[in-house]
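To start, the structure under review is shown below, and the notes come after it.
As the structure is a prediction and not an experimental result, all values here were calculated from the model.
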Amino acid sequence: MATNRVELDRLRGLEERTTANGIQFERIDQAELRRREPRIVGLGGLHVRSTAIVSYTSVVRAMAAEVTTNGGEIRLGERVVSVREEVDQVNLETDRGGMRARRLIACAGLFADRVAKWCGIEDDFKIVPFRGEYYRLGSEKNKIVNHLIYPVPDPALPFLGVHLTRMIDGCVTVGPNAVLSLKREGYSRFAFSAADSLETLTYPGFWCVMRQNLRSGSDELPNSLFKTRYLAQCRKYCPELRASDLHDYPPGVRAQAVMRDGTMVHDFLIRKTRRTIHVCNAPSPAATSAMPIGREVARQAVALAA
Ligand SMILES: Cc1cc2nc3c(=O)[nH]c(=O)nc-3n(C[C@H](O)[C@H](O)[C@H](O)COP(=O)(O)OP(=O)(O)OC[C@H]3O[C@@H](n4cnc5c(N)ncnc54)[C@H](O)[C@@H]3O)c2cc1C
């Protein structure tokens, strides 16, 4: 959904990539946008009918059931504290004991760099945590939109841009933004870990990212601190929203891999050793694409075993 000329150009770029990736869409003009979404303003948009919202908890429960019915074991609440790769096996130490494996596939999200380092993977990237904060609209706004509404993303910073999402329980959320988190799994606004912060703040790549994104970075923090600033972003395309419409909603923390030279990794980053595979960067929409990513990782694991 586009609101100015720069965004119309970006929309054209998005349209080209959508076509190149074989995704079915319909280009809609301002009048059609108004007809389909009377409470949204914009110059036009792309309507992708295959866009949807699911209960990801239910998806994960179904995946877990597949694992256990096929003889797998899921151990929850157990933290891996070290990994040692030997010639013929991998030894994992956990906070409840240990285990041995012939091979290891590590998908450690916010801790992917630390787990990869234990296995001797080159230390040329680090996970920088960015909190994504949301608000929920009051139930009287449940019908404010008929579709999921996304502003046109800046291709350099695709995760920025608060969107309106009709959730599976019928409520509508606004978000997320992107602010540096001072703790890797820090879900409260003031969560802080001295060790995590020191690791981020002493990493040269982090400062390169900050320099390259000074403008958007310096906008995001006040937008996070002041509801009215946050609101201004969504009012660009949904002008009826007021600060009183925004209610608290739990945030998420993105695991963003950043290379030592400050390049933000926007694609998947998978690294390997002789007996281990590490999913080091799996940015959004990696939850949506979990199954094809899993197939690719499985293919690589089979190749490793050969
Ligand atoms: C705000 C926000 C909005 C998003 N929106 C979308 C969206 O709309 N669509 C979409 O497709 N994606 C979305 N994503 C992205 C999606 O959540 C991620 O791409 C995906 O979760 C990455 O999967 P992963 O398995 O690599 O990591 P994770 O899902 O982070 O899983 C890693 C797991 O490893 C565990 N772990 C880490 N270290 C250890 C250890 N030492 N011992 C034991 N366990 C460990 C963690 O506890 C965690 O459970 C969003 C993310 C955020 C933050």
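Distance CD/Gln89 to CG/Leu104: 12.5 Å, rounded to 0.5 Å. Here the CG-CD distance, from Asn146 to Glu37, works out to 4.5 Å after rounding to the nearest 0.5 Å. With rounding to the nearest 0.5 angstrom, the CG atom of Leu33 is 12.0 Å from the OH atom of Tyr237. To the nearest 0.5 Å, atom CG of residue Leu198 and atom OH of residue Tyr203 are 15.0 Å apart. Atoms OH and CG, on Tyr230 and Asn223 in that order, are 9.0 Å from each other to the nearest 0.5 Å. Separating the SG atom in Cys280 from the CG atom in Asp113 is a distance of 8.0 Å, to the nearest 0.5 Å.
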request  = Determine, stepwise, if the pair Glu32 / Arg27 fulfils salt bridge (Lys or Arg N to Asp or Glu O under 4.0 Å).
outcome  = CA-CA 9 Å; Glu32 188 56 21; Arg27 175 82 194 243; over 6 Å; no

ask   = Does the pair Ile28 and Leu46 meet the rule for a side-chain contact (heavy atoms from CB on, under 4.5 Å), with working shown?
value = CA-CA 6 Å; Ile28 55 172; Leu46 304 182; over 6 Å; no

task = Apply salt bridge (Lys or Arg N to Asp or Glu O under 4.0 Å) to Glu93 and Arg84, showing your working.
result = CA-CA 8 Å; Glu93 194 190 332; Arg84 205 175 63 251; over 6 Å; no

request  = Give the intermediate values and the outcome of side-chain contact (heavy atoms from CB on, under 4.5 Å) for residues His278 and Lys272.
outcome  = CA-CA 6 Å; His278 300 261; Lys272 282 177 275 190; over 6 Å; no

Thr273 and Thr276: CA distance, side-chain angles, deciding distance, side-chain hydrogen bond (donor to acceptor under 3.5 Å, both in side chains) verdict = CA-CA 5 Å; Thr273 65; Thr276 69; 2.5 Å; yes

key: Worked verdict on Glu220 versus Asn177 for side-chain hydrogen bond (donor to acceptor under 3.5 Å, both in side chains)   = CA-CA 7 Å; Glu220 286 291 297; Asn177 61 354; 4.5 Å; no

request  = Could you walk me through whether Glu78 and Asp95 pass side-chain contact (heavy atoms from CB on, under 4.5 Å), step by step?
outcome  = CA-CA 6 Å; Glu78 184 165 351; Asp95 56 0; 3.8 Å; yes

task = Go through Gln212 and Met210 one step at a time and tell me if the side-chain contact (heavy atoms from CB on, under 4.5 Å) criterion holds.
result = CA-CA 6 Å; Gln212 287 155 16; Met210 287 292 111; over 6 Å; no

message = The test is side-chain hydrogen bond (donor to acceptor under 3.5 Å, both in side chains); show your working for Glu140 and Asn142 and say whether it passes.
response = CA-CA 6 Å; Glu140 68 285 358; Asn142 280 2; over 6 Å; no

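At a threshold of 4.0 Å, the pair Arg274-Glu85 does not count as salt-bridged, since none of the basic side-chain nitrogens sits closer than that to a carboxylate oxygen. Taking a cutoff of 4.0 Å between a charged side-chain nitrogen and a carboxylate oxygen, Arg36 and Glu26 qualify as a salt bridge. Using a 4.0 Å cut-off between charged side-chain N and carboxylate O, Lys227 and Asp248 make no salt bridge. A salt bridge is absent between Glu86 and Arg275: the closest approach of a Lys/Arg side-chain nitrogen to an acidic carboxylate oxygen does not fall below 4.0 angstrom. Ion pairing of Asp245 with Arg242 is absent here, as no side-chain N (NZ or NE/NH1/NH2) approaches a carboxylate O to less than 4.0 Å. A salt bridge is absent between Arg10 and Glu7; no separation between the charged side-chain nitrogens and carboxylate oxygens falls under 4.0 Å. Between Arg235 and Glu240 there is no salt bridge, since no side-chain nitrogen of the basic residue lies less than 4.0 Å from a carboxylate oxygen of the acidic one.
Judged purely by atom type and a 3.5 angstrom limit, Ser289 uses its side chain to pair as donor or acceptor with the backbone of Pro285. Using modelled atom types, no side-chain atom of Asn91 and backbone atom of Met99 make a donor-acceptor pair closer than 3.5 Å. A distance-only check finds no donor-acceptor pair linking the side chain of Asn281 to the backbone of Phe268 [under 3.5 Å]. At distances below 3.5 Å, not a single donor-acceptor pair connects side-chain atoms of Tyr187 with backbone N or O atoms of Pro251. The backbone N or O of Ala64 lies less than 3.5 Å from a partner atom in the side chain of Thr68, making a donor-acceptor pair. Judged by distance alone, with hydrogens and angles left aside, the side-chain atoms of Gln256 form a donor-acceptor pair with the main-chain N or O of Val265 at under 3.5 Å. Although no hydrogens or angles enter the test, the distance criterion places a donor-acceptor pair under 3.5 Å between the side chain of Asp261 and the main chain of Thr263. Remark: the backbone N or O of Val162 is not paired with any side-chain donor or acceptor of Tyr134 at under 3.5 angstrom.
Taking a 6.0 Å sphere around CZ of Arg61, one finds it holds 12 or fewer heavy atoms contributed by other residues, nucleotides or ligands. Counting non-hydrogen atoms of neighbouring residues, nucleotides and ligands closer than 6.0 angstrom, the CD atom of Gln24 reaches no more than 12 such neighbours.
No side-chain heavy atom of Leu8 sits less than 4.5 Å from a side-chain heavy atom of Val152. Using a 4.5 Å heavy-atom cutoff, the side chains of Arg131 and Arg254 are not in contact. Side-chain contact between Arg96 and Arg75 is absent, with no heavy atoms from C-beta onward closer than 4.5 Å. Contact check for Met291 versus Glu296: no side-chain heavy atoms found under the 4.5 Å cut-off. Taking the side chain as every heavy atom from C-beta outward, Ile127 and Phe111 never approach each other to under 4.5 Å. When side chains are defined from C-beta on, Arg166 counts as touching Val145, because their heavy atoms get closer than 4.5 Å. Counting heavy atoms from C-beta outward, Tyr249 and Met167 have side chains that approach closer than 4.5 Å. Side-chain contact between Ile270 and Ile277: present, with at least one pair of heavy atoms (C-beta onward) separated by less than 4.5 Å.
Considering all non-hydrogen atoms of both residues, Gly138 and His247 come closest at N-CD2, 3.4 Å. Considering every non-hydrogen atom in both Arg39 and Cys238, the closest pair reads O-SG, 3.9 Å. Residues Leu11 and Gly44 approach most closely at CD2-C, 4.3 Å, considering heavy atoms. Scanning both residues, Ser181 and Val253, for their nearest heavy atoms gives CB-CG1, 4.2 Å. The heavy-atom pair separating Ala191 from Gly186 by the smallest distance is CB-CA, 3.5 Å. Between Ile121 and Phe125 the shortest heavy-atom distance is CG2-CE2, 4.5 Å.
Residues Val179 and Val209 fall into different hydrophobic clusters, defined by Ile, Leu, Val, Met, Phe, Trp and Tyr side chains chained together at heavy-atom separations under 4.5 Å. Ile74 and Met63 end up in different hydrophobic clusters when Ile, Leu, Val, Met, Phe, Trp and Tyr side chains are linked at under 4.5 Å. Residues Val80 and Val115 fall within the same hydrophobic cluster, defined by Ile, Leu, Val, Met, Phe, Trp and Tyr side chains chained together at heavy-atom separations under 4.5 Å. Hydrophobic clustering, with ILVMFWY side chains joined whenever heavy atoms are under 4.5 angstrom apart, groups Leu182 together with Phe206. Residues Val279 and Phe130 do not share a hydrophobic cluster, defined by chaining ILVMFWY side chains whose heavy atoms lie under 4.5 Å apart.
Figure legend: cation-pi geometry between Lys183 and Phe192 absent, as NZ or CZ is not positioned both under 6.0 Å from the six-membered ring centre and within 45° of its axis.
Ring geometry for His163 against Tyr150 counts as tilted: the plane angle lies between 30° and 60°, on a 0 to 90° scale.
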